[in-house]
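Encoded as structure tokens, the structure appears first; notes follow it.
Any value given below was found using the heavy atoms of this structure, including those in side chains, with hydrogens, waters and symmetry copies removed. First listed ligand is number 1; within each ligand, the first listed atom is number 1.
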Amino acid sequence: MSVAIEKVKCLIIGSGPAGYTAAIYAARANMNPVMYMGSQPGGQLTTTNEVENFPGYPEGITGPAMMEELKAQAERFETDVREGWVTKVDFSGDVHKVWINDDKEIHCETVIVSTGASAKYLGLPSEQKYLKMGGGVSACAVCDGFFYKNQEVILVGAGDSACEEAHYLSKICKKVTMLVRRDEFRASKIMATRVQNTENIEILFNTETVEVLGDDYGVTGARVKNKVTGEEKDIPATGFFVAIGHKPNTDIFKEYLTLDETGYIVNVCGTAKTNVEGVFVCGDAADHVYRQAITAAGTGCMAALDAERYLAAKEG
Ligand code: NDP
């Protein structure tokens, strides 16, 4: 049975702070936005426990609760928020075609891509256990570092992000132990030198994580192994930070949208426009630098305003 093609003025793909902010603005501009939430409704923030740096929440709010509030605000202006996963797009013509769950076809006048990025994790069962528990595993020092004030933490990674996060944590925590899997950093020299010169950062080269250790309350440390000597040891810590890179969720767009070498969508500087007219991008799908909820929300606003202006110009 063939399903009827639906026509939509503004389709929003992804449901993090960027997508919901775009929805609020688009809905209030009578663009009748339809949002598909994707495989992780609410986005990366739903894996964050407490959000304390989003303006307007003086007491802080949990990531999932904040996403519920953003959803309610978008629905208040009649955003059509739907479950579903965009599996294919065709941006080759005037009408932008999008397929949901390999089945339903939607023809869109404008598309706002807010598919975000996913932090990479080591994939160890113990790491995933404490991540899901909200018990001490994090991929964002700026978001969660504060909870480890004057405590000892571990940070895995050796790129620019890892060095930046280690340095950030060193100003809050008593000690940061940095686990570098090779005998050298990947980070730029200036960033690597900065962590090497920081007194309360200890760097362990050639070292990989065997297991994240913990109890019923959360992380208590990690068992690590020196790959050269084979020696294993336990390092006490209450926080286990992973900074081994992010992967933008942009694979389905690569045939049509210009991506940079890491897969982030390239926007026209200072706007949310992509290389395809009528297709806009916001949030972490285009941002490997700031990656914050508030910056994602800001670019979500830009995407909706750019989409509105595009429609207004088209309609004359
Ligand atoms: P990168 O890909 O540059 O670095 C990832 C790091 O994680 C590498 O050192 C890698 O090790 C390590 N790693 C990967 N997998 C594992 C694993 N399973 N176990 C242990 N270690 C692992 O990612 P970043 O997020 O650091 O940076 C992404 C981009 O953003 C880069 O171009 C970077 O320069 C840029 N950036 C720039 C900043 C700035 O200029 N202020 C700040 C932050 C990022 P290995 O080296 O062995 O492969």
Taking atom types as modelled, is there a side-chain donor on D144 or S138 under 3.5 Å from an acceptor on the other?
yes
With a 4.5 Å limit on heavy-atom distance, are the side chains of I235 and V224 in contact?
yes
For the residue pair Q151 and T238, confirm or rule out a side-chain donor-acceptor distance under 3.5 Å.
yes
Under 4.0 Å between a Lys/Arg side-chain N and an Asp/Glu carboxylate O for E6 and K97?
no
Salt-bridged, R82 to D80, with N to O below 4.0 Å?
yes
Can D284 and Q44 be counted as having a side-chain donor-acceptor contact under 3.5 angstrom?
yes
Residue contacts for ligand 1, heavy atom to ligand atom, distance under 4.0 Å
L122, V156, A158, G159, D160, S161, E164, R181, R182, R186, M191, I244, G245, H288
